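Notes follow once the structure below has been shown.
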Amino acid sequence: MKKLFILLFSFLTISAQVEAAAEGGEFKPGDMITHHIADDYTWHFADGVTLYLPVILIDNGTPKVFSSSNFYDENHAVVPYEGYMMSHGHIYRADASGQQAADQSSLLDFSITKNVASLFISVALLLVVFFVIAGSYAKGKGRAPKGIQSFFEPIIIFIRDEIAKANIGPKYERYMPYLLTIFFFIWFNNLLGLMPGGANLTGNIAVTLVLATMTLLITVFSGNKSYWSHIFATPGVPTWLAPIMIPVELIGILTKPFSLMVRLFANITAGHIIILSLFSLIFIFESIFVAPLSVAFAIFMFFLELFVALLQAYIFTLLSAMYFGGAVEEHDHVGDHGHGDGAH
Amino acid sequence: MELVTPGIGLIFWQTVTFIIVLFLLSKFAWKPIMNALNERETSIENALSAAEKAKLEMQGLKAENEKLLAEARMERDKILKEASDAGNALVETARQKANEEGARMIAQARESIENEKRAAITEVKNMAAVLSVDIAERILRKELSNPQAQQELAKDYINEVTLN
């Protein structure tokens with residue numbers, strides 16, 4: 001059913017592009033794909049079903065709120081509104097002639113875009129699901145799990161035992177709320193992103209940047225004495241190497257979350273791009289006979305993406321836990337296993 | 001480039017929303033869930049260890065019972081053995097006694113038979129003597145019915161006396 005829907009919606013949304021292309025020239029798969037994976041001020045579910053989301057601007061400290069429908073006239077053409085204009089998914093100041101103004105300083109865009117709206121929906125879902133589960137734990141105290149509770153319980157226990165306990169050690173309990181939250185946040189959003197009409201939230205660099213920064217901050221603030229001593233005075237390394245070692249270690253602190261950010265962003269975005277590319281083939285070849293092959297590959301990719309959605313959530317959580325584990329680990333300098341070089 | 005440029009708006013909303021969600025979930029979902037899981041695990045752990053303890057206790061009781069049973073069995077065997085020994089001894093003594101009694105009785109019987117025999121023989125001898133005297137008297141009476149025969153006998157006696 002879901003597959004059917006995604007196909008249906010994909011065709012519907014692509015058809016809009018194709019129509020536009022038919023009117024204005026060639027079908028450009030690159031533009032279509034970019035449009036699908038990028039953020040937007042409207043939520044385009046299907047042809048004629050578009051949700052215009054609110055635009056929130058802070059222009060020199062004064063907030064301006066209006067609907068994004070103001071940027072479209074009755075022919076669905078993009079028009080400037082109250083001195084602002086929309087171009088390539090961004091809002092700029094417009095000059096008197098409706099062109100992009102030269103001065104774009106201190107114009108901040110806090111609009112509830114498609115991604116932000118999707119974020120709200122996903123967190124509402126997260127809260128509902130886990131409040132309900134918490135409720136069933138309160139109701140059936142000490143009993144076996146039931147219903148949705150029994151679906152999530154093994155996952156929660158897996159995160160606790162295999163991710164937190166295994167990588168952080170005895171101080172794991174402190175990090176459980178964060179690990180559980182990022183795991184389910186990423187997983188839910190990955191899956192919602194695969195839904196027809198869904199936003200590509202976890203494939204947005206801003207979102208992964210925030211998540212990775214959280215992990216970085218928690219790692220840095222939970223770093224104990226031995227963690228910092230390994231950075232500023234790595235045991236077994238001669239003192240004269242410190243000018244090299246300290247910058248390298250400091251960069252190391254940043255590269256870990258940077259890799260988290262890029263990994264999640266790239267994996268999810270790539271999955272979307274591949275599925276959309278496969279559908280684009282039909283329109284590139286302008287032949288219905290390519291469709292079975294495209295659809296077959298797209299279905300295969302879709303199942304792969306369902307797996308990737310879970311896998312990436314797991315990897316992000318696991319690596320975060322490993323970084324926390326490294327920060328709170330008590331190094332005994334004899335049998336140290338933090339750095340496997342055996343020099344100390 | 002567009003794709004890898006984070007937008008300030010989404011960063012803001014993501015940060016705010018994520019922190020709120022993290023707070024709400026930690027307080028109202030993860031805490032009760034983790035506590036419930038821990039509680040359940042401890043209760044299961046306790047139940048299991050109690051069961052293990054009970055099992056050990058049962059084993060101890062069983063071993064004790066078996067020991068008692070074995071002791072009882074040994075006691076029984078001992079008693080049975082003693083009883084059978086006592087019985088055997090009793091039978092043995094009874095048999096000995098019976099043998100002795102028998103032997104004694106046989107000896108007594110033999111003695112009395114001997115006595116009876118002796119008495120009978122004596123009686124027979126006496127009878128024989130009486131009968132012989134009787135017979136001799138009858139013969140003598142018949143023989144000495146004529147005087148001649150009496151004379152001759154007298155003569156014989158005299159002869160015998162002279163000869164001696």
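None of the values given here were measured: they were computed from a predicted structure. Chain identifiers are assigned alphabetically (A, B, ...) following the order of the sequence lines, protein sequences preceding nucleic acid strands; residue numbering begins at 1 within each chain.
- Distance check: A:L108 CG to B:I8 CD1 gives 6.0 Å after rounding to the nearest 0.5 Å.
- Between the CG atom in B:L22 and the CG atom in A:L180 there is a gap of 10.0 Å [rounded to 0.5 Å].
- Going from atom CD1 of A:I156 over to atom CD1 of B:I33 covers 4.5 Å, rounded to the nearest 0.5 Å.
- The distance from atom CG of A:L211 to atom CD of B:Q14, rounded to the nearest 0.5 Å, is 5.0 Å.
- For A:A266, no part lies near chain B; criterion is any non-hydrogen pair under 4.5 Å.
- Other residues, nucleotides and ligands contribute at most 12 non-hydrogen atoms within 6.0 Å of the CD atom of B:E45.
- Put simply, CD1 on A:I157 and CD on B:E41 are 5.5 Å apart, with the number rounded to the nearest 0.5 Å.
- Contacts with chain A were tallied for B:E39, B:K27, B:K31; B:E39 has the most, counting heavy-atom pairs under 4.5 Å.
- The number of heavy atoms from other shown groups lying within 6.0 Å of CD (B:Q59) is above 12.
- A pairwise comparison of heavy atoms in A:V210 and B:I11 identifies CG2-O, 3.7 Å as the closest pair.
- Residue B:L25 comes nearest to A:L126 through the heavy atom pair CD2-O, 4.1 Å, listed as atom of the first residue, atom of the second, then distance.
- Nearest heavy atoms, B:P6 versus A:A206: CB-CA, 3.7 Å.
- With sequence neighbours left out, A:Y172 forms a ring pair (Phe, Tyr, Trp, His ring centres under 6.0 Å) with no residue at all.
- The most heavy-atom pairs under 4.5 Å with chain A, out of B:P32, B:G9, B:S43, come from B:G9.
- The environment of A:F258 atom CZ is sparse: at most 12 non-hydrogen atoms of other residues, nucleotides or ligands sit within 6.0 angstrom.
- Between the B:W13 side chain and the A:I112 main chain, no donor and acceptor come within less than 3.5 Å of each other.
- Minimum interatomic distance between B:I19 and A:M214 (heavy atoms only, all atoms of both residues): CG1-CE, 3.6 Å.
- Neither the backbone nor the side chain of A:T213 comes within contact range of chain B; no heavy atoms are under 4.5 Å apart.
- Below 30°, between 30° and 60°, or above 60°: for B:W30 and A:F130 the angle between ring planes is between 30° and 60°, a tilted geometry.
- Contacts of A:F185 with chain B are made by side-chain atoms alone, with heavy-atom separations under 4.5 Å and no backbone atom involved.
- The part of A:F120 that comes within reach of chain B is its side chain, from C-beta onward, which places non-hydrogen atoms under 4.5 angstrom from that chain.
- For the options A:E153, A:E173, A:M176, heavy-atom pairs under 4.5 Å to chain B are most numerous at A:E153.
- Listed here is the closest heavy atom pair of B:L10 and A:V116: CD1-CG2, 3.6 Å.
- Neither the backbone nor the side chain of A:I58 has a heavy atom closer than 4.5 Å to any heavy atom of chain B.
- More than 12 non-hydrogen atoms from other residues, nucleotides or ligands lie less than 6.0 angstrom from CD of B:E82.
- The distance from atom CG of A:L119 to atom CZ of B:F18, rounded to the nearest 0.5 Å, is 10.0 Å.
- Listed here is the closest heavy atom pair of A:P145 and B:R40: CD-NH1, 3.6 Å.
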